[in-house]
Amino acid sequence: MLVYPSGIDLSSRTLQHLSGLLAGHRSRIGSRWRRLTCGRQAVLVLAHLRCGDTYARLAAGFRVGIATVHRYIREAVDLLAALAPTPEQAMTTVRKKAYVILDGTVLPIDRIAADRPYYSGKKKHHGMNVQVLTDPAGRLIWASDVLPGAVHDLTAARTHGIPAALAADDVKCWADKAYQGAGPAVRVPFRGNLRGWRRRHNRDHAKIRSLGERAMATLKCWRLLRKLRCSTTRITAVVRAVVALELAT
């Protein structure tokens, strides 16, 4: 396989953060020698997450085996995932905000037509549903564990306890029409053909809620999330690892 130099559109601070995390882990477990240094392992992992490079391409580029690439990536992803905020930690942050924005997306996965639980009727492809909370400026606060793509956004939000947690802390939340009936804390637009003040209300609501799309765009800048080919049991860890990197840098 031919190899060539390439770049990753991330800052050196992201590399230093992950490299330091890996160095601390190696020290704790008493790892004496590795084929790659902490810095090189960090570059490999970031190339996978940010650029979506496959194990085979990374193995060729870093001159290691595919099994080694798999082991290095899994190790780093698990370390990062453990640093992502829990729902309780996220609510501590949310309480300090004037309001939050709730939105959901379906991350595409490589599944066949027979895998109906993963097929999203709304998106018309197989995927995993993830719920996201952002601050008023659209900056990422928290991302949920993933659920099969066939799960509706409202059901997913209730499964993760988001509406109940927001109502318990009296936090205002803006969301789209998919969250109709989520409860008093979640404000959604009116349905149907509207006139007068209801139309103006929906227009103002959309201006506020649209900032939440910034967080979705931020997540999908990590190209691995545009088409996930790993086991569905590993996707939550991948999402949490990306969130941890975004919040750390």
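Every value quoted in this text rests on a predicted model; they were computed, and no experiment measured them.
Of the possible donor and acceptor atoms, none in the side chain of His160 sits under 3.5 Å from a partner among the backbone N and O of Ile162. Checking side-chain atoms of Lys124 against main-chain N and O of Gly121 turns up a donor-acceptor pair under 3.5 Å. Between the side chain of Thr249 and the main chain of Leu245, a donor-acceptor pair closer than 3.5 Å is present. For the pair Ser27 (side chain) and Ala23 (backbone), a donor-acceptor distance under 3.5 Å is absent. Formation of a donor-acceptor pair under 3.5 Å by the Arg240 side chain with backbone atoms of Ala84 is found in this model. Put simply, the side chain of Gln180 never gets that close to the backbone of Lys177: no donor and acceptor are under 3.5 Å apart.
Inter-residue side-chain proximity for Val132 and Met216 is flagged as met; some heavy-atom pair is nearer than 4.5 Å. Looking at heavy atoms from C-beta onward, Pro108 lies out of side-chain contact with His126 at the 4.5 angstrom threshold. In this structure, the side chains of Arg187 and Ile208 stay at 4.5 Å or more apart for every pair of heavy atoms. Between Val45 and Leu18, the closest side-chain pair of non-hydrogen atoms falls below 4.5 Å. Side-chain contact check for Ile73 versus Val69: some heavy-atom pair is nearer than 4.5 Å. Residues Asp135 and Val94 form no side-chain contact, since every pair of their non-hydrogen atoms from C-beta on lies 4.5 Å or further apart. At least one side-chain heavy atom of Val239 sits under 4.5 Å from a side-chain heavy atom of Leu107. Here the side chains of Ile101 and Leu133 are not in contact, with every heavy-atom distance at 4.5 Å or above.
Rounded to the nearest 0.5 Å, atoms CD (Gln89) and CD1 (Ile141) are 13.0 Å apart. The distance from the CZ atom of Arg57 to the CG atom of Leu2 is 11.5 Å, given to the nearest 0.5 Å. Remark: Ile235 CD1 to Leu225 CG distance equals 9.0 Å, nearest 0.5 Å. Rounding to the nearest 0.5 Å gives a distance of 11.5 Å between CZ of Arg158 and OH of Tyr179. Note that the OG1 atom of Thr14 and the CG atom of Leu49 stand 11.5 Å from one another [nearest 0.5 Å]. In this structure, Leu102 CG and Cys173 SG are separated by 4.5 Å, a value rounded to the nearest 0.5 Å.
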**Message:** Gln41 vs Arg71, test: side chain to side chain donor-acceptor pair (under 3.5 Å). Steps then yes/no.
**Reply:** CA-CA 10 Å; Gln41 182 182 353; Arg71 186 170 63 253; over 6 Å; no

**Request:** Dump the intermediate steps for side chain to side chain donor-acceptor pair (under 3.5 Å) on Trp222 and Glu246, then the final yes or no.
**Result:** CA-CA 10 Å; Trp222 298 81; Glu246 282 292 338; 2.7 Å; yes

**Request:** I would like to know whether Cys221 and Arg50 meet side-chain contact (heavy atoms from CB on, under 4.5 Å); could you show each step before the answer?
**Result:** CA-CA 7 Å; Cys221 281; Arg50 188 71 171 188; 3.8 Å; yes

**Prompt:** Going through the distances and angles, do His205 and Asp176 end up as a side-chain contact (heavy atoms from CB on, under 4.5 Å)?
**Reply:** CA-CA 9 Å; His205 185 283; Asp176 61 26; 5.9 Å; no

**Request:** Please test Arg139 against Thr134 for side-chain contact (heavy atoms from CB on, under 4.5 Å), starting from the C-alpha separation and ending with a verdict.
**Result:** CA-CA 5 Å; Arg139 289 183 291 263; Thr134 73; 6.0 Å; no

**Request:** Verify side-chain contact (heavy atoms from CB on, under 4.5 Å) between Arg74 and Arg234, making sure each step is shown before the conclusion.
**Result:** CA-CA 9 Å; Arg74 188 182 184 100; Arg234 291 292 300 164; 3.5 Å; yes

**side chain to side chain donor-acceptor pair (under 3.5 Å) assessment of Ser31 paired with Arg34** = CA-CA 8 Å; Ser31 180; Arg34 298 279 189 100; 3.0 Å; yes

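The minimum heavy-atom distance between Phe62 and Leu36, with the atom names listed, is CD2-CD1, 4.0 Å. Residues Pro148 and Pro117 come closest through the heavy atom pair CB-O, 3.0 Å. When all heavy atoms of Ala241 and Val77 are compared, the pair lying nearest together is CB-O, 3.9 Å. When all heavy atoms of Pro85 and Trp142 are compared, the pair lying nearest together is O-CD1, 3.4 Å. Annotation for Ala156 and Asn129: closest pair CB-OD1, 3.6 Å, computed over non-hydrogen atoms. Of all heavy-atom pairs between Leu219 and Val243, the closest is CD2-CG2, 4.3 Å.
Sequence neighbours left out, the pairs with a member in residues 209-221 that pass side chain to side chain donor-acceptor pair (under 3.5 Å) are Thr105-Lys220. Screening residues 21-60 for ring-ring contact (aromatic ring centres under 6.0 Å, His included), with sequence neighbours left out, gives His48-Tyr55, Tyr55-His70.
Hydrophobic cluster membership is shared by Leu80 and Leu22, with clusters built from Ile, Leu, Val, Met, Phe, Trp and Tyr side chains linked at under 4.5 angstrom. A single hydrophobic cluster is seen to contain both Met128 and Leu224, as judged by linkage of ILVMFWY side chains at heavy-atom distances under 4.5 Å, directly or through other members. Cluster membership check: Leu46 shares its hydrophobic cluster with Val238, using side-chain heavy-atom separations under 4.5 Å among Ile, Leu, Val, Met, Phe, Trp and Tyr. In the hydrophobic clustering of ILVMFWY residues, with side-chain heavy atoms under 4.5 Å counting as a link, Leu228 and Val151 come out apart. A continuous path of ILVMFWY side-chain contacts below 4.5 Å connects Val242 to Leu44, so both sit in one hydrophobic cluster.
Counted within 6.0 Å of CZ on Arg35, heavy atoms from surrounding residues, nucleotides or ligands total 12 or fewer; the atom is thus considered open. Counting non-hydrogen atoms of other residues, nucleotides and ligands closer than 6.0 Å to NZ of Lys227 gives a total above 12. The number of heavy atoms from other shown groups lying within 6.0 Å of CG (Asp9) is above 12. Annotation for Arg229: atom CZ does not count as buried by contact number, only 12 or fewer foreign heavy atoms lying within 6.0 Å.
In this structure Tyr99 satisfies the ring-ring contact (aromatic ring centres under 6.0 Å, His included) test together with Trp174, sequence neighbours excluded.
Taking the six-membered ring for Trp and the full ring otherwise, His201 and Phe190 have centroids separated by under 6.0 Å.
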